[in-house]
Student: 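Just passing along the structure, written as structure tokens.
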Amino acid sequence: MDKVTTHQAEDDIRNESILIWVNGQLKPRAEATVSVFDSGFMLGDGVWEGLRLYDGRWSFLDDHMDRLFEAAKAIDLDIGMTREALVAALFETQRANGMTTDAHCRLMVTRGVKSRPFQHPALSRQGPTIVILMEHSRPSIPRPIKLATVPHIRGLPMTQDPKLNSHSKLNCILACIAAEKAGADEALMLDIHCFVNTTNACNFFIIRKGEVWTSTGDYCMNGITRQKVIDLCRANDIPVFERNYSLVDTYGADEAFLTGTFGAQTPVGEIDGRRIGTGGMGPVTQRLRDLYMEMVKP
């Protein structure tokens, strides 16, 4: 297969008839719309979370809610619902769609509809727009991912903090486009010091001589799956380091993998035309994936 994405899923006809929660109402897919004056559509002004349903349970739900409400506070966005009410809406949407496992949710909160098409947040006077979109979603990634290093970086907190899961993803989209133009599936992005950082959509790990390495975390998304992998390493006597490392270290790695809510741990087979290890799922990656799947079981 020529093109592979880290969010590639099996086709599921049930997704044609899903119900989507929009500001308190469950609407059929074709009717689940927001205004062209919405802050998220107009300016990318909003935050979101991606959640995964395994065997009737939303994995790490408290962590996701913590991150969402923290991000909303950081951008001075009043969600307008309590944490408990938002979780109740999540469960309502799940029940309405009859979902029990292998479902993915994108929970989005924007600053809401603007009175005029300009930037100032005071023009968003109607309250937030909240959307809960769930799909039946079983990952279908047929081969290890190919990465290409791109010139786009994750920047400093005083520009747009990379820890914010914001609706504005243009920097990452441009990185992804650059990687595809280079014949890869996804972009490997460096930090401001040119150390290896993250990909355009996932957190990134390498394994060298049995040690698991990932970035310092200073310039990447504070990934929940990323942290769970670090925790699993520490709990199972697998050496793990959050550190600066270079492309030279990366090219010489025995294994590499990505982490994210959708794909959990996705092996990387090639970076900038260099095969990583055997080019397949390595033993340490497989062990961490097995440990993670045990963790998410109810």
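Hydrogens, waters and symmetry mates are skipped; everything else that's a heavy atom, side chains included, is used.
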Student: Yes or no on side-chain contact (heavy atoms from CB on, under 4.5 Å) for Gln8 and Lys3, after CA distance, side-chain angles and deciding distance?
Tutor: CA-CA 10 Å; Gln8 195 160 307; Lys3 287 192 176 182; over 6 Å; no
Student: Would you mind reporting whether Ser215 and Thr198 have side-chain heavy atoms less than 4.5 Å apart?
Tutor: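 They are not in contact (no side-chain heavy atoms under 4.5 Å apart), so the answer is no.
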Student: Does Tyr54 share a hydrophobic cluster with Ile141, counting links as ILVMFWY side-chain heavy atoms below 4.5 Å and allowing steps through other members?
Tutor: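 Different hydrophobic clusters.
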Student: Is Gln160 reaching over with its side chain to a backbone N or O of Ser168, donor-acceptor style, under 3.5 angstrom?
Tutor: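 Indeed, once roles are kept as given, a pair shorter than 3.5 Å links the two residues.
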Student: Could you measure the distance from the OG1 atom of Thr6 to the CD atom of Glu186? Nearest 0.5 Å is fine.
Tutor: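 Going from the OG1 atom of Thr6 to the CD atom of Glu186 covers 3.5 Å.
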Student: State, to 0.1 Å, how close Ala71 and Val47 come at their nearest heavy-atom pair, and which atoms those are.
Tutor: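 Here Ala71 and Val47 meet closest at CB-CG1, 3.9 Å.
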Student: Do Ile238 and Leu258 land in one hydrophobic cluster if side-chain heavy atoms of ILVMFWY residues count as linked below 4.5 Å?
Tutor: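 Unlinked, Ile238 and Leu258 end up in two clusters.
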Student: Taking all atoms of both residues into account, what is the closest heavy-atom pair of Ala187 and Asn200, and its distance?
Tutor: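 Closest approach of Ala187 to Asn200: N-OD1, 2.8 Å.
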Student: Grab the two heavy atoms, one from Ala175 and one from His152, that are nearest each other, plus how far apart they are.
Tutor: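 Heavy-atom minimum between the residues: CA-ND1, 3.7 Å.
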Student: Going only through I, L, V, M, F, W and Y residues with side-chain contacts under 4.5 Å, is there a path from Ile207 to Tyr251?
Tutor: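 No; tracing contacts between hydrophobic side chains, which count when under 4.5 Å, never links both residues.
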Student: In sequence, state the C-alpha distance, the side-chain angles, and the governing distance for Cys105 and Leu90, and then conclude on side-chain contact (heavy atoms from CB on, under 4.5 Å).
Tutor: CA-CA 9 Å; Cys105 174; Leu90 179 79; 3.6 Å; yes
Student: What residues form a salt bridge (Lys or Arg N to Asp or Glu O under 4.0 Å) with Arg111, not counting sequence neighbours?
Tutor: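 Only Asp45 meet the salt bridge (Lys or Arg N to Asp or Glu O under 4.0 Å) criterion with Arg111.
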Student: Does this structure show an ion pair linking Arg226 with Glu242, if we count only N-O contacts that are shorter than 4.0 Å?
Tutor: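 Between Glu242 and Arg226 there is a salt bridge, with a charged N closer than 4.0 Å to a carboxylate O.
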Student: Running the 4.5 Å side-chain criterion over Ile, Leu, Val, Met, Phe, Trp and Tyr, what cluster does Phe118 land in, apart from itself?
Tutor: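 Under the 4.5 Å side-chain rule, Phe118 groups with Leu123.
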Student: Got Phe60 and Met295 here, is their nearest side-chain heavy-atom distance under 4.5 Å?
Tutor: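 Phe60 vs Met295: side chains touch.
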Student: Is Asp185 paired with Arg143 through a side-chain N to carboxylate O contact shorter than 4.0 Å?
Tutor: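 Judged by the 4.0 Å cut-off on N to carboxylate O distance, Arg143 and Asp185 do form a salt bridge.
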Student: At what distance, to the nearest 0.5 angstrom, does OG1 of Thr261 lie from CG of Leu51?
Tutor: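 Here the rounded value is 7.0 Å.
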Student: Linking Ile, Leu, Val, Met, Phe, Trp and Tyr through side-chain heavy atoms less than 4.5 Å apart, which residues share a cluster with Met189?
Tutor: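 Hydrophobic cluster check, Met189: joined to Val150.
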Student: With the threshold set at 4.0 Å, does a side-chain nitrogen-carboxylate oxygen contact exist between Asp12 and Arg14?
Tutor: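 Salt bridge present between Asp12 and Arg14.
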Student: Considering only heavy atoms from C-beta outward, does the side chain of Asn244 approach that of Asp191 to under 4.5 Å?
Tutor: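 Answer yes - side chains close enough.
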Student: Just verifying a value: how many Å separate Met293 CE and Gln265 CD, rounded to the nearest 0.5 Å?
Tutor: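 So the gap between those two atoms works out to 6.0 Å.
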Student: List in chain and number order the residues that pass side-chain hydrogen bond (donor to acceptor under 3.5 Å, both in side chains) with Gln126, two or more places apart in sequence or in another chain; answer none if no residue qualifies.
Tutor: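 Per chain and number, Gln126 pairs via side-chain hydrogen bond (donor to acceptor under 3.5 Å, both in side chains) with no residue.
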Student: How about Ser39 and Ser124: does a side-chain donor come under 3.5 Å of a side-chain acceptor?
Tutor: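 There is such a pair between these side chains.
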Student: Would the distance check show the side chain of Arg275 and the main-chain N or O of Gly277 forming a donor-acceptor pair, the cut-off being under 3.5 Å?
Tutor: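 Indeed, once roles are kept as given, a pair shorter than 3.5 Å links the two residues.
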Student: Might you work through the side-chain contact (heavy atoms from CB on, under 4.5 Å) test for Gln94 and Trp58, ending with a clear yes or no?
Tutor: CA-CA 10 Å; Gln94 177 192 342; Trp58 293 99; 2.7 Å; yes
Student: Let me confirm one number: the CG-CG distance from Leu68 to Leu61, rounded to the nearest 0.5 Å.
Tutor: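 The CG atom of Leu61 is 10.5 Å from CG of Leu68, to the nearest 0.5 Å.
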Student: Hey, does Leu107 have a side-chain heavy atom less than 4.5 Å from the side chain of Leu86?
Tutor: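 The answer is yes; the side chains approach within 4.5 Å.
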Student: Decide if atom CZ of Phe41 counts as having more than 12 heavy atoms of other residues, nucleotides or ligands within a radius under 6.0 Å.
Tutor: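 No, because the 6.0 Å sphere around CZ of Phe41 holds 12 heavy atoms or fewer from other groups.
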Student: State yes or no: do Met281 and Ile206 share one hydrophobic cluster built from I, L, V, M, F, W and Y residues joined by side-chain heavy-atom distances below 4.5 Å, directly or via other members?
Tutor: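 No.
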Student: Can you tell me how far apart CG (Leu291) and CG (Asn236) are? Round to the nearest 0.5 Å.
Tutor: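 These two atoms lie 4.5 Å from each other.
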Student: Is a side-chain donor or acceptor of Asp38 paired with a backbone partner of Ser35 at a separation under 3.5 angstrom?
Tutor: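 No: the side chain of Asp38 does not pair with the backbone of Ser35.
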Student: With a 4.0 Å cut-off on N to O distance, would you call Lys73 and Glu70 a salt bridge?
Tutor: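 No, Lys73 and Glu70 are not salt-bridged.
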Student: Report yes or no: does Glu16 contribute a side-chain atom to a donor-acceptor pair with the main-chain N or O of Ile13 at less than 3.5 Å?
Tutor: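 Side chain of Glu16 to backbone of Ile13: no pair is present.
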Student: With salt bridge (Lys or Arg N to Asp or Glu O under 4.0 Å) as the rule and sequence neighbours excluded, what pairs involving residues 49-68 come up?
Tutor: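 Every pair satisfying salt bridge (Lys or Arg N to Asp or Glu O under 4.0 Å) with a residue in residues 49-68: Glu49-Arg67, Asp62-Arg83, Asp63-Lys228, Asp66-Arg83.
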Student: In Å and rounded to the nearest 0.5 Å, what is the CD to CG distance from Glu10 to Asn15?
Tutor: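 Answer for the CD-CG pair, Glu10 versus Asn15, is 11.0 Å.
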Student: If only atom types and distance count, is the side chain of Asp102 paired as donor or acceptor with the main-chain N or O of Arg138 below 3.5 Å?
Tutor: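 Such a contact is absent between Asp102 side chain and Arg138 backbone.
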Student: Are the side chain of Arg154 and the backbone N or O of Thr199 linked by a donor-acceptor pair below 3.5 Å?
Tutor: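 Flag set: sc Arg154 to bb Thr199 pair under 3.5 Å.
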Student: Do the non-hydrogen side-chain atoms of Thr216 and Phe195 ever get within less than 4.5 Å of each other?
Tutor: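 Contact flag for Thr216/Phe195 side chains = no.
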Student: Using modelled atom types only, decide if a donor and an acceptor are shared between the side chain of Trp48 and the backbone of Ser166 within a distance under 3.5 Å.
Tutor: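 Here the side-chain-to-backbone pair exists.
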Student: Which pair of non-hydrogen atoms, one from Val22 and one from Ala32, has the smallest distance, and what is that distance?
Tutor: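 Answer, listing the atom of Val22 first, then Ala32: CG2-CB, 4.0 Å.
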Student: What residues join Met158 in its hydrophobic cluster, counting side-chain heavy atom gaps under 4.5 Å, either direct or through other members?
Tutor: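 Cluster partners of Met158: Ile153, Leu156, Ile192, Tyr219.
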Student: A side-chain contact here means heavy atoms from C-beta on lying under 4.5 Å apart; do Phe205 and Ile230 qualify?
Tutor: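 Yes; the side chains approach each other to less than 4.5 Å.
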Student: Can you name the closest pair of heavy atoms from Gly80 and Pro128 and give their distance?
Tutor: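 Reported closest heavy-atom pair: N-CG, 4.3 Å.
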Student: Tell me, do Asn203 and Thr225 make a side-chain contact under 4.5 Å, heavy atoms counted?
Tutor: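 In short, these two side chains do not touch, never coming nearer than 4.5 Å.
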Student: Please find the pair of heavy atoms, one from Ile130 and one from Ile79, that lie closest to each other, and give the distance.
Tutor: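 Smallest interatomic distance, heavy atoms only, reads CD1-O, 3.4 Å.
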Student: Looking at Gly44, is its backbone amide N or carbonyl O close enough to the side chain of Lys169 to form a donor-acceptor pair, meaning the two atoms are under 3.5 Å apart?
Tutor: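 Absent.
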Student: Would you say Val196 ends up clustered with Val212 if hydrophobic residues are merged whenever their side chains have heavy atoms under 4.5 Å apart, either directly or through other cluster members?
Tutor: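 No, it is not one cluster - the side chains of Val212 and Val196 are not joined through contacts under 4.5 Å.
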Student: Would you check, one step at a time, whether the test side-chain contact (heavy atoms from CB on, under 4.5 Å) holds for Thr129 with Asn23?
Tutor: CA-CA 6 Å; Thr129 297; Asn23 287 338; 4.1 Å; yes
Student: For Ile18, does its backbone N or O pair with a side-chain atom of Asn97 as donor and acceptor, under 3.5 Å?
Tutor: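 Flag not set: sc Asn97 to bb Ile18 has no pair under 3.5 Å.
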Student: Does Tyr292 reach the side chain of Leu232, with side-chain heavy atoms less than 4.5 Å apart?
Tutor: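 Side-chain contact under 4.5 Å: yes.
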